Structure formats: C-alpha cells, structure tokens
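The analysis underlying the following values was restricted to heavy atoms, covering all of them including side chains, and did not include hydrogens, waters or symmetry mates. None of the values given here were measured: they were computed from a predicted structure. Atoms within a ligand are numbered from 1 in the order they appear, just like the ligands themselves. Position 1 is the first residue of the sequence, and the numbers go up from there.
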Amino acid sequence: MTNVLQLTEKQITQMEEFYRDDLKHNANQYILFSVKSASINAYTSGKVVFQGNNAYKEYQYWIQVFGMEEDIANKEAIYFTPSIGSDEVGKGDYFGPLVVCACYVPPKAINKVRDLGIKDSKAVTDEKIKTQAKEIIKHVEYSVMVLNNRKYNDLSKKGYSVVKMMAILHNAAIVNLRKKVPGNVEVFIDQFAEPGVYYNYVKQESSVFRKANFTTKAESKHSSVAVASIIARYKFLDEMDRLSTSVGVELPKGAGEKTDRVIAKIIKEKGQNYLYDIAKVGFANTEKAKKYLS
Ligand code: MG
C-alpha cells in the first residue's frame with residue numbers, strides 16, 4: 001500500500017524534526033529525508049511517500065496532525081504528481097484561433113504551481129491568467145499548437161469536424177512535448193471525445209501517442225492539465241489582442257449577441273470575406289449577424 005501527502009516546506013520540517021532520531025541517509029538528490037523504522041521518503045517537491053503497513057500508521061497520524069481528510073489528501077497528492085496534461089481553448093469562440101497546449105509539470109515545478117494557486121483556468125480572470133502564465137512557463141515544459149482561422153476554415157470546408165481538428169492538435173502537442181520529457185510520464189487529456197473516436201481521427205498522423213488517459217474535468221484532477229489550460233488561454237488571449245489590433249475593434253470572446261453586433265460592424269466596414277482570417281465562419285453567428293446589417 002502506498003500513500004502520498006503533498007506538504008508545505010513548514011510541514012516537512014515539522015516531520016523531519018519529529019523523526020530526527022530515526023533518519024537514515026539516502027543518496028537520491030531528490031530525497032530530503034528517509035525514515036529508518038518505516039518506509040517514508042520526503043522529496044524536494046514537497047511529496048512524502050509512505051509505503052507498507054508501518055508507514056500507513058504514520059500516514060494516518062500525520063493526516064490528523066495536519067488536519068487533513070484521507071480522500072482529500074489523496075486527491076491533492078494525485079493533483080501534484082508530475083504528469084503531462086493537455087487542454088484546448090477557443091472551440092466555442094467565434095473570433096480567434098483554436099489553441100491546444102500540452103504541458104509537463106516536473107517535480108521541481110510543483111511548489112511553484114502550488115504557490116501560484118493554479119487551479120482551473122475557467123475560474124480565473126484574464127488578467128490573472130496572464131500573470132500566472134508568464135511566471136509558470138519558466139518552470140514547465142510545454143508545446144502549443146495554434147490553428148489560425150484561415151486553416152480552421154479551410155479544414156472545415158474539407159469536412160473536418162472541430163473534434164477531429166482538436167484530436168489532431170492534441171496528438172501533435174503531446175508527441176512534440178514527449179520528445180523533451182523523460183519517458184514513462186503519465187499523459188492526461190481533458191476528455192472531449194471517446195477514446196475510440198479520438199484514435200480514429202488521428203490514425204493518419206505520422207506519429208500517434210497511444211497511451212493517453214482520457215479524463216473528464218481533468219484540469220481539476222491533474223496540475224499538468226490545469227497549467228496546460230492556463231498556457232493555452234494565455235496564447236489565445238494574446239492572439240485575440242493581436243487580431244483586435246489588426247481589425248481596429250475589440251473582438252469579443254464567446255459567441256453571443258455582442259459577437260453578432262461586432263460581426264455586422266466588420267462586414268459593413270470590410271466586407272464578409274474579411275471574416276475568413278479572424279473568425280470561425282461556419283458558426284451560426286455569421287448568419288445571425290445579418291439582422292444587424294440594415
Ligand atoms: Mg477542456
């Protein structure tokens with residue numbers, strides 16, 4: 001039986017102090033301390049691993065000391081386990097590209113993720129996304145795929161569904177990222193299609209990663225997916241700023257009524273063809289906007 005706690009520096013110091021007469025040397029540079037009488041190892045990433053029955057008693061003791069609940073502690077430990085995660089942004093936005101990011105959060109970046117409080121990009125303001133992304137990209141490995149509007153619209157015309165485009169981008173980002181990451185790291189995709197559908201869509205790609213775990217609400221379960229979603233959103237916002245500047249109008253996110261009004265304004269000023277380079281023209285908004293034209 002293995003149990004893991006993800007602890008703060010202060011909590012780890014408290015543990016080390018408690019076991020000070022029961023410590024043994026460990027040559028592993030990532031291990032802060034090991035306990036002699038039970039299999040307990042504390043890592044520089046803030047992770048403490050308890051193995052076997054003796055260690056389980058200690059694990060229960062520490063959960064009590066730190067006021068944790070066992071299943072919450074387990075979820076937290078899984079969240080902070082180094083992994084590769086991928087997520088996308090832009091599929092529901094009329095304006096702007098489709099962006100996919102795959103990210104690897106290495107052990108040394110776990111504390112940074114925790115300090116920045118990275119959780120779920122949907123619950124974070126755009127300003128905070130920018131601040132968090134600029135900081136976290138210095139500490140993680142990632143690969144971003146941006147499908148611009150022209151390519152998106154061309155693929156749509158060829159009959160590609162958005163799910164097919166996403167599958168191809170996720171696979172490409174993961175394949176690309178894995179070249180920079182030590183082997184055997186688990187890969188999580190924030191699930192947008194059944195695995196069978198996904199693999200069918202990528203079967204013609206030159207390289208396919210076949211061992212992904214498809215997980216719903218993955219950004220709340222794995223920090224790698226949460227960080228991937230922050231980076232993807234950051235790149236998307238950046239592209240939206242760039243497009244807004246080139247159009248001379250602030251392009252709204254999403255696909256609501258405000259979007260329809262802006263579409264009408266652009267059609268009036270620049271003609272409908274202009275949309276092909278800045279929007280996903282197959283959305284119903286292109287037609288809906290026409291009622292604002294007169
Ligand atoms: Mg997602």
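Aromatic ring centres of Tyr142 and Tyr104: separated by at least 6.0 Å. Here Phe50 and Trp62 keep their ring centres 6.0 angstrom or further from each other.
Looking at Gln11 and Met68, their side chains come closer than 4.5 Å, going by heavy atoms from C-beta outward.
Remark: the Asp154 side chain and the Tyr276 side chain contain an N/O donor-acceptor pair separated by less than 3.5 Å.
Within the sub-2.8 Å shell of the Mg ion (ligand 1), the protein contributes these N/O/S atoms: Asp87 OD1, Asp190 OD2.
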Requested in this report: Check the pair Lys179, Ser143 against side chain to side chain donor-acceptor pair (under 3.5 Å), reporting the backbone distance first and the verdict last.
Outcome: CA-CA 10 Å; Lys179 292 175 191 155; Ser143 169; over 6 Å; no

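Here Phe188 is tied into one hydrophobic group with Val225, each link being a pair of ILVMFWY side chains closer than 4.5 Å.
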